[in-house]
2 protein chains.
Amino acid sequence: MINKEDILFFQSISTCLTELTDLERYSHDETEDLQSIPGIVIKPSSSQEISAILRYCNERKIPVTPAGARTGLSGGAIPVTNGVLLSTELLNRILSVDTNNHQVITEPGVITQVLQEKVAEYGLFYPPDPASKGSCFIGGNISENSGGPKAVKYGVTSDYVLNLEVVLPNGEVIWTGANVLKNATGYNLTQLIVGSEGTLGVVTKIVLKLIPHPSNDLLLLVPFRKMEQAAEAVAEIFKAGITPSGLEFMERDALIWTTEFLGSVDLDVHDDHEAHLLIEVDGFDPEQLMSEMEKIMTVLESFDIDEPLFAESKAQKDALWKLRRSVGEAVKSNSIYKEEDTVVPRYQLPQLLKAVKSIGDQYGFKSVCYGHAGDGNLHVNIIKGNMNDEQWENELPKAISELFKEVVKLGGTLSGEHGIGLVQKQYMPIAFPEITLDLMRGIKKVFDPNNIMNPGKIF
Amino acid sequence: MINKEDILFFQSISTCLTELTDLERYSHDETEDLQSIPGIVIKPSSSQEISAILRYCNERKIPVTPAGARTGLSGGAIPVTNGVLLSTELLNRILSVDTNNHQVITEPGVITQVLQEKVAEYGLFYPPDPASKGSCFIGGNISENSGGPKAVKYGVTSDYVLNLEVVLPNGEVIWTGANVLKNATGYNLTQLIVGSEGTLGVVTKIVLKLIPHPSNDLLLLVPFRKMEQAAEAVAEIFKAGITPSGLEFMERDALIWTTEFLGSVDLDVHDDHEAHLLIEVDGFDPEQLMSEMEKIMTVLESFDIDEPLFAESKAQKDALWKLRRSVGEAVKSNSIYKEEDTVVPRYQLPQLLKAVKSIGDQYGFKSVCYGHAGDGNLHVNIIKGNMNDEQWENELPKAISELFKEVVKLGGTLSGEHGIGLVQKQYMPIAFPEITLDLMRGIKKVFDPNNIMNPGKIF
């Protein structure tokens, strides 16, 4: 797709990699089982460089896949074979922390946790915290509209994005909005770019809203003897008027596999513990948090639970959160698997769980479920286990289709926070009829008539 | 534009009005000085009827302007002369309050306050509360992405919209998303429709997120001897870690004109009171609210303020809020005026105020400023006063252009919550370069290739 002349041009603009070992390193993200070798990896260090690169590629219809830290789980950053992989890793500066307006302006290649820690120095809080926050880039979070455990109280990435600098496929550089908290000035291009998975342009500067950083939190791990009761308890907590800052569900195997994988956590999982909820409240007033936890305990007492574990130190809280954050990796280390990112209205969670297990029984697969139950966002890790390759390749997609149809029937959709990318796009017609997909394709064409930006993703 | 045959068709589908007195009634919204007589007013009572109407109009390129309660301030609901005015007033049912998931599904023609009161019966809260909440429709709020005083803590309309049923110009009916709190499934069509001012389709069903209703609030009216200090105090309150549920600014004349207009409020405005802040905190714990108010008082003590008025009863709170909500009407009753809806990062508010007054001095107009200072959203009411018609028609637009240029320089934009509609569209090139406006026009064309939906608005 790209030739020697192209490579010379790119090298005249930006840092480039062309050695096969390097190209291989950039050929995949964290999505199981998928890779594709780019023709070149370009690491621009400014909007201007990106503008020159895109203009060149647009004229020659060379496909460009923007990539952040490549921690994605839907294949959004997997390049086109022999196309351009455009890495944002050198765009890694936090440009300004505006303590007067509670805003931060950053480049996309900043690690999310680094950004969070930087603004926390000023008493400010950027809440979205995907499990990969220690390695993922804020730019990738914007591409996929990432969430994380805090989303249940504080919202997802899109809720914090005020304004974006974007290089369009034709090389033009625009700002999508303004640095303001409310905006009724034309179409909302900002929110159109958030979650568009690099298919409309390359985000080069990001203006985020910040909030005061809560000073206190409390954390509770609750074992349930019936998995579905754990799911039911989730909606009951909200109905009691409490908005926890974390409300995570982990099925038995998720917890056991992860304690074994980490080796470091000492947790007494009884034979009759079918599932756990990890529940956090946060705020500024310790007494109020205690009273919220008491209300939560009152709700939980009407379910068949075992003794809850109340985290007594920062170290214990960190250990429990590390456990939750490592479930994905633990499952990955255990078996070939496929991860689905289903999301439903939260009260429908028990029905979703039932559907997952019943479809699993029917198609002969085992699943490990966990996720952001407070948002109704359930990660369903389908384990290959004893399935043979033929079943895995041909039967499983039918099972996943059935699952997604059930999800849509429950008022939900395909992805809560991982995006569609490559691996879910075949299922998009379950979420949207052709007329709606045509609107999305039409919007894509307005931004990118030559289809050079991350082609083959979403649609 | 429409003929007798068209009218017979519309009458076969829906309730219609064709008498001149009726047409005149629907020829304007609350925007000063603008009207245009439609050829027919159609009041459909279902998505199906709207679908049939739009399909018919699309084939014949008949312009259709959707209208809610016509309380808008940017001319968004003003019809094309002799075109179709499509009123959503019969789509006035709240379809379901889902207490399990904290969601409400409603039709667009429900009055915002009626919706708020309905969900409050279940202990639930829909926060966006434009000044016109007692008469405006929720559908109009979605068209203009309305805000209101609570936005400073709880966000604007767009923050609560989960999913929309939309009739497209070709008559197809789609849902834009799913009834979920997080969504990473394709482009965000939901947020593209919010704030699109009826130019992309007709919203017929709305799924809104709700939150637990706060049980307590405290309200304080603070007189400042220096107007700019009132604006400065706004950012200082946030920097102290407090997020008020209301933080409103009223310039001296706004308060005096409104007390006179209402006649019912007894307020002692001294000669040296240049401006007032109205400050509300809300939540669940009365003690915590008291402690927040104390922190706010500590911040205020460093400014030149007079004795604050602490509202001691529900009646007094209602009276103060009524005062604030009536400023627009009071100014309107006093003089011919033009209202601008400027928004900047909140710390830039003093600079914005300075710019308003200095441009006023230069062009010879007086202005009354008030608004949602916590969001940096300042309503600038430009008073005709002694300006002659020539100055008002020809010089004032130059002054407004200068003001908007200053706003954009400060990181802000043209409209925070009123929309662009008819009256601000000439200023759009100040907010966005042609390349960005072309993207918006391209999106419009994807949805509405024949340009029948509310033509002439925004662009």
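Chain letters run A, B, ... following the sequence lines, proteins first and then strands; every chain starts at 1. The basis for the numbers below is simple: all heavy atoms, side chains too, and nothing from hydrogens, waters or symmetry mates.
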Among [options], which residue has the highest count of heavy-atom pairs closer than 4.5 Å to chain A?
{"options": "Thr199(B), Ile211(B), Val408(B)", "answer": "Thr199(B)"}
{"options": "Ile174(B), Asn100(B), Thr176(B)", "answer": "Asn100(B)"}
{"options": "Ile458(B), Ile443(B), Val156(B)", "answer": "Ile443(B)"}
{"options": "Gly195(B), Gly241(B), Ser158(B), Ala151(B)", "answer": "Gly241(B)"}

Just how far is it from atom [atom1] of [X] to atom [atom2] of [Y], taken to the nearest 0.5 Å?
{"X": "Ile242(A)", "Y": "Phe284(B)", "atom1": "CD1", "atom2": "CZ", "value": "8.5 Å"}
{"X": "Leu124(A)", "Y": "Lys239(B)", "atom1": "CG", "atom2": "NZ", "value": "10.5 Å"}
{"X": "Phe238(A)", "Y": "Leu210(B)", "atom1": "CZ", "atom2": "CG", "value": "13.5 Å"}
{"X": "Leu192(B)", "Y": "Leu192(A)", "atom1": "CG", "atom2": "CG", "value": "5.5 Å"}
{"X": "Met440(A)", "Y": "Asn188(B)", "atom1": "CE", "atom2": "CG", "value": "8.5 Å"}

Chain B: which of [options] shares the most heavy-atom pairs with it under 4.5 Å?
{"options": "Thr413(A), Leu410(A), Thr157(A), Val194(A)", "result": "Thr413(A)"}
{"options": "Asn145(A), Ile435(A), Asp438(A)", "result": "Ile435(A)"}
{"options": "Val180(A), Thr436(A), Leu181(A)", "result": "Val180(A)"}

Side chain / backbone / both / neither for [X] at chain A, heavy atoms under 4.5 Å:
{"X": "Ile193(B)", "answer": "neither"}
{"X": "Asn377(B)", "answer": "side chain"}
{"X": "His213(B)", "answer": "neither"}
{"X": "Gln288(B)", "answer": "side chain"}

Can you tell me which portion of [X] sits under 4.5 Å from chain B's heavy atoms? Options are side chain, backbone, both or neither.
{"X": "Asp285(A)", "result": "side chain"}
{"X": "Lys444(A)", "result": "both"}
{"X": "Thr243(A)", "result": "side chain"}
{"X": "Glu417(A)", "result": "both"}
{"X": "Glu172(A)", "result": "side chain"}
{"X": "Glu287(A)", "result": "neither"}
{"X": "Met428(A)", "result": "side chain"}
{"X": "Asn170(A)", "result": "side chain"}
{"X": "Leu162(A)", "result": "neither"}
{"X": "Asp159(A)", "result": "side chain"}

Next item on the list: Tell me, yes or no, whether the heavy-atom count around Tyr160(A) atom OH, taken from other residues, nucleotides or ligands under 6.0 Å, exceeds 12.
Entry: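 Yes, the 6.0 Å shell around OH holds more than 12 heavy atoms from other groups.
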Closest contact, heavy atoms only, [X] versus [Y]:
{"X": "Gly411(A)", "Y": "Ala178(B)", "result": "O-CB, 3.8 Å"}
{"X": "Gly147(A)", "Y": "Lys182(B)", "result": "CA-NZ, 4.3 Å"}
{"X": "Pro345(A)", "Y": "Gln103(B)", "result": "CB-NE2, 4.3 Å"}
{"X": "Glu197(B)", "Y": "Ala184(A)", "result": "OE2-O, 4.3 Å"}
{"X": "Leu439(A)", "Y": "Val446(B)", "result": "O-CG1, 3.7 Å"}

Check: Are the side chain of Ser415(A) and the backbone N or O of Thr185(B) linked by a donor-acceptor pair below 3.5 Å?
Finding: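 No: the side chain of Ser415(A) does not pair with the backbone of Thr185(B).
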Next item on the list: Consider only side-chain N and O atoms of Asn101(B) and Gln348(A), and report whether a donor and an acceptor are under 3.5 Å apart.
Entry: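 The answer is yes; a qualifying pair exists.
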Next item on the list: Would you please indicate if the ring centroids of Phe432(B) and Tyr187(A) are separated by under 6.0 Å?
Entry: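 Phe432(B) vs Tyr187(A): aromatic centres not under 6.0 Å.
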